[in-house]
There are 2 protein chains.
Amino acid sequence: MTKERQLRKQEEIRSIILGAARDIIEKEGIKGLSIRKITNAIEYSPAIIYHYFKDKNEIIETIVEEGYIRILNSLTVVERNEKQPEKEIKEVFSNYIKAALDNRDEYMTVMLNDDPILKQRTTILKKGISKSSKTMALLSETIKRGVEQGRFSECDVELTAQVMWTSAFGLIMKLMIEKDIAEDQINALIETHFKTLFSGIMIRKEEL
Amino acid sequence: MTKERQLRKQEEIRSIILGAARDIIEKEGIKGLSIRKITNAIEYSPAIIYHYFKDKNEIIETIVEEGYIRILNSLTVVERNEKQPEKEIKEVFSNYIKAALDNRDEYMTVMLNDDPILKQRTTILKKGISKSSKTMALLSETIKRGVEQGRFSECDVELTAQVMWTSAFGLIMKLMIEKDIAEDQINALIETHFKTLFSGIMIRKEEL
DNA sequence: CATATTATTAAACACTGTTTAATAATAGAA
DNA sequence: TTCTATTATTAAACAGTGTTTAATAATATG
């Protein structure tokens, strides 16, 4: 057997393990995943896992990273809207929010697990930070454009961009907690959220 | 021994168990809590727990509820600010956010644990929903007042109130994730967040 | 064919939460 | 006080968890 074929065989079993793990996570969530459940499903002994993975965390990390990358990939450049830059911004967030909702477990794990798993997942986090900061820069630019063309009021663009992120994060969390929301309802919530966010409620801004 | 004294004795041991549990949670987080850690600390056998509590969840629920109530208690009526209702709103949120940050574990558990623990914690959730909806009503009223006095622009007050909550939730989560932030920095972030939220960025609102 | 490498597992270890049945301690009644 | 009934406490086990060790089976390479 050639070395390559051997490596392919190894990769195959690795992906069989990951496949079983994905199935379990889909049905029972990340917390429902256990080494013995995986090995029962693939009819191997529990110890086999440690021949293909360092530990259980490596399995979870791998799967979480896949989902997180799907989310990051949603952060693509959207069609430029010269007249209504706010539509551009809303579309970027809308894509991101939907991708996050499609990968709940993974998003939650990346975002708020400070426990065993994500201590040294620097790789995945770096990717996230890199992509997010690029998106943030793009967002700032769009806001700046809006200000320059007199459509947006004068503001600290970086700060405004950050508040938008924070606020969108809250919306994502809210939508994730209240599960079983219909697609069109999600769209409506995103719509009104950003509408309110853009418009603000103050009339005399100079007083703030 | 009178029946009362007996009950007092029981309550005493219950609170000793809870005290030990609190210590462990403070040091190692809720996930670090274990029955055997508790019973080692109080020098009892593991089985004793089940004489004073239904199960481990009841202990966690009790402690989480304590913290959550502290957060809910922060939702008190603030001094009315007739001229600047936005200051009133910001103060309400500011209190709430700080209370949430002071009770991280509890807040996180109540908010985003759909797993074993919070399935039947209807009691605690009802309290939360009741208090939150009262606060929400108050918030709506304040916004309405602002609109009527011409300080805030015309808007769907309930919707605006909801967006504010969502957005504040995002801010809380952000602040919780990025731990080790100084008190004054937190204040600054709250300040700018609500400033941006109030002002919005659109100039021609009628176009939205 | 023999050897070296790799794959796989049985068994154990140290943890979890929880239950059962037995025992120790104490309360109230005679 | 003594006896009984109640309560408090525990030892031991069960069924889980992740992980490690050492032995074995399978395969590749010389």
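Naming convention: chains lettered A, B, ... in sequence-line order (proteins, then strands); numbering from 1 in each chain. Because only heavy atoms are used, hydrogens play no part in the values below, and waters and symmetry mates are left out as well, while side chains stay in.
Phosphate proximity of D:dA8 to B:Q10: present, with a side-chain N or O under 4.0 Å from OP1 or OP2. Phosphate contact (OP1/OP2 of C:dT16, side-chain N/O of B:S34, threshold under 4.0 Å): present. Phosphate contact (OP1/OP2 of D:dT9, side-chain N/O of B:H51, threshold under 4.0 Å): absent. Phosphate proximity of C:dT8 to A:Y52: present, with a side-chain N or O under 4.0 Å from OP1 or OP2.
Computed from coordinates, the B:R8 CZ to C:dT26 P distance equals 17 Å when rounded to whole Å. Nucleotide D:dA8 holds its P atom 10 Å from the NZ atom of B:K9, rounded to whole Å. Look at CZ on A:F53: it is 14 Å from P on D:dG18, rounded to the nearest Å. The nearest whole Å value for the distance from the CG atom in A:N40 to the P atom in D:dG16 is 10 Å. Taking atom CG of A:D55 as the reference point, atom P of D:dT20 lies 8 Å away to the nearest angstrom. What separates NZ of B:K56 from C1' of D:dG16 is a distance of 13 Å, to the nearest Å. Rounded to an integer number of Å, the gap from B:E11 CD to D:dA8 P is 12 Å. Straight-line distance from the CZ atom of A:R36 to the C1' atom of D:dG16: 8 Å, rounded to whole Å.
More than 12 non-hydrogen atoms from other residues, nucleotides or ligands lie less than 6.0 angstrom from NZ of B:K37.
Looking at the side chain of B:K37, the nearest of the listed nucleotides D:dT19, D:dT9, C:dT16 is C:dT16. When the nucleotides D:dT19, D:dT10, C:dA10 are ranked by their closest atom to the side chain of A:S45, C:dA10 comes out on top. The side chain of B:A47 lies closest to D:dA11, out of C:dG17, C:dT8, D:dA11. Candidate nucleotides C:dT18, D:dT19, C:dA10 were compared by shortest atom distance to the side chain of B:P46, and C:dT18 ranks first.
Remark: aromatic rings of A:F194 and A:F93 are close, center separation under 6.0 Å.
Using a 4.0 Å heavy-atom distance criterion, B:I59 is classed as making no nucleic acid contact. Note on A:I49: nothing from the nucleic acid sits closer than 4.0 angstrom, heavy atoms only. Contacts of B:I38 with the nucleic acid, taken as non-hydrogen atoms under 4.0 Å apart, are absent.
Side chains of B:H193 and A:T166: a donor-acceptor N/O pair is absent below 3.5 angstrom, by distance only.
A salt bridge is defined here as a Lys NZ or Arg NE, NH1 or NH2 lying under 4.0 Å from an Asp or Glu carboxylate O, and A:E12 with A:R14 fails to meet this definition.
Here the side chain of B:E58 pairs a donor or acceptor atom with the backbone of B:K54 at under 3.5 angstrom.
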